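Here's the structure, in structure tokens; my notes come after.
Order of the sequence lines fixes the chain letters, A, B, ..., with proteins taken first and strands second; residue numbering starts at 1 for each chain. This structure is a prediction, so every number in the text was calculated from the model and none was measured.
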Amino acid sequence: MKLEALAPPREADFTSRLRSPAVAARVGVWLGICFVIAFVTGLISHEAHVTHPFVGFPTRPVWLYRWTQALHVASGTAAIPLLLVKLWSVFPKLFARPPRRITELAVESLERGSIAVLVGAAIFQLASGVANTAQWYPWGFHFRATHYAMAWIALGALAVHVAVKLPLIRSVLGSPIESAEHDRPSTAESGPLDRRTLVRGSLLAAGVAVLATAGSAVPVLRRVSVFGVRSGGGPGGVPINKSARAADVVAAALSPSYRLTVRHGARSVELSRADLEGLRQRTGVLPIACVEGWSANGTWDGVRLRDLLDLVGAPRGRDVRFTSLQQHGPYKVTTLPSQFADDPLTLVALGLDGEKLALDHGYPCRLIAPDRPGVLQTKWLDQVEVL
Amino acid sequence: MRATRVLLGAAGVAIAAYGVSLLLDLGFANLRATLEWLVGGVLLHDAVLAPLTIVVGAVFVRARRAGLRIAPLVIGGVVLASVSIAAIPVLGRFGERADNATLLDRNYLVGWLVFAGVTVAVSLVLLVRGRQRP
């Protein structure tokens, strides 16, 4: 082997006409759209999760969170092929010779630094996001908080990148795609396909990636979503995130001495499952929609939460704290904002799909409220406390 | 356009700085684990994936020089490779749990074979039709 074969490539070694600003800018526009959609829907999900959101989260439409989160995961999934093609099209720039003049070097170092942050954050967001949809956590960071922080870094680096490249982007998008005007000098190879075909091909790949996974949230796609993480199986047609065994609640949930405590200040009532069944029952169709992007509609039976709150004389407009029988986990205790607590659709559910609530769905009883992330629909309820 | 660029750049720096502050709030251990993945992702792309595409690209270029109109194969390859990468977490079943049959409840290997078979078949049909045309 010759020694120069071991040397890193130079920018001029890349001769394909496809590795051009014409391709990078066009794929980049779609990639940017995907990132902005993912960012906005991610902010919505963050608002839905935090106890004291910037703006109160709405209770209607009941499917809002279901669809914003499906859109979040779909736009992130679509971004994977687009990011790969985009990085491929600009890869030669990695080996560009640095300028000799110190001021130019400083400017270029800054620009390269911002691109390193953008590429790193983009790969980080897509890799951690797609692993999270399959409940795979091979890392040591807190997923939700870190994915949220990194989203701001990615968006900020994207804005800087667009600001730096804006004249080039405008000029490239204003020229025909096959124009050689903005090409690197070394691009001579005509290649096996034209640029338009490559851009369309990467959009096709993005569409296929979405179709192959979106069945977890869109029931009509279940048959074609060969990589969907959920197929709608589970008791009552609703999948499960955490089983009763994993939550270590089997004995407590099945105990004959089980009582649900409802408390408002000094007033409290203790209700057995039979007591709950003796109260006025309601039926409602509400989705379980998880942060991982999957969702399913269920027909829930149970007691209206507001009726329980009336038993202890709780006024309207109060947040309510739910405690689960589970001994550990970040969602053992959750707070339900007042607009959900007072909503007539919010139930303490005893049944699903005409049957007794399955143990893995939260037997003896669980919270089900409209337009809420699944992890906050607390299962195996132990206490309901008016704040 | 200059004002737009300055505004956009300044906004970008502020937004990213807010993200950095959020990240720092999560503590040192979290930061270290994050940086490992941040750098690891870039290295995995630049040192493994990108060189692989150069090798595959060289094969396509040779085929093109031999006079073959292989655009459908290239696009088929882009679809197959990128969607397969997106499917790594389900194909590996890394998040599988014995107590939860509703999670990862498909045979993803069969799904991948079907997906790959359809992609290759469509590419080949388009390739043959392209060659028949004058």
Nearest heavy atoms of B:Asn30 and A:His142, plus distance in Å:
OD1-N, 2.7 Å
Engaged part of A:Pro167 at the chain B interface, taking heavy atoms whose separation is under 4.5 Å:
both
Under 3.5 Å, side-chain donor or acceptor atoms of residues 78-91 of chain A against the rest of the protein: list the pairs with distances, not counting sequence neighbours.
residue: A:Ser89; atom: OG; partner: A:Lys86; partner atom: O; Å: 2.8

Counting only heavy atoms closer than 4.5 Å, note whether A:Ala145 contacts chain B via side chain, backbone, both or neither.
both
What part of A:Ile153 lies closer than 4.5 angstrom to a heavy atom of chain B: side chain, backbone, both or neither?
both
Taking a cut-off of under 4.5 angstrom between non-hydrogen atoms, the residues of residues 109-124 of chain B near chain A are B:Gly111, B:Trp112, B:Phe115
Region of A:Arg200 in contact with chain B, defined by heavy-atom distances below 4.5 Å:
neither
Would you please classify the geometry between the B:Trp37 ring and the A:Phe141 ring as parallel, tilted or perpendicular, with 30° and 60° separating the classes?
perpendicular
If you count heavy-atom pairs under 4.5 Å with chain B, which of A:Leu204, A:Thr146, A:Val238, A:Leu155 comes out on top?
A:Thr146
Is it true that A:Ser231 and B:Asp105 share a donor-acceptor pair across their side chains at a distance under 3.5 Å?
yes
Of the backbone (N, CA, C, O) and the side chain (C-beta and beyond), which part of A:Phe124 lies under 4.5 Å from a heavy atom of chain B, both, or neither?
side chain
Side-chain donor/acceptor of B:Arg106 to backbone N/O of A:Ser225, under 3.5 Å
yes
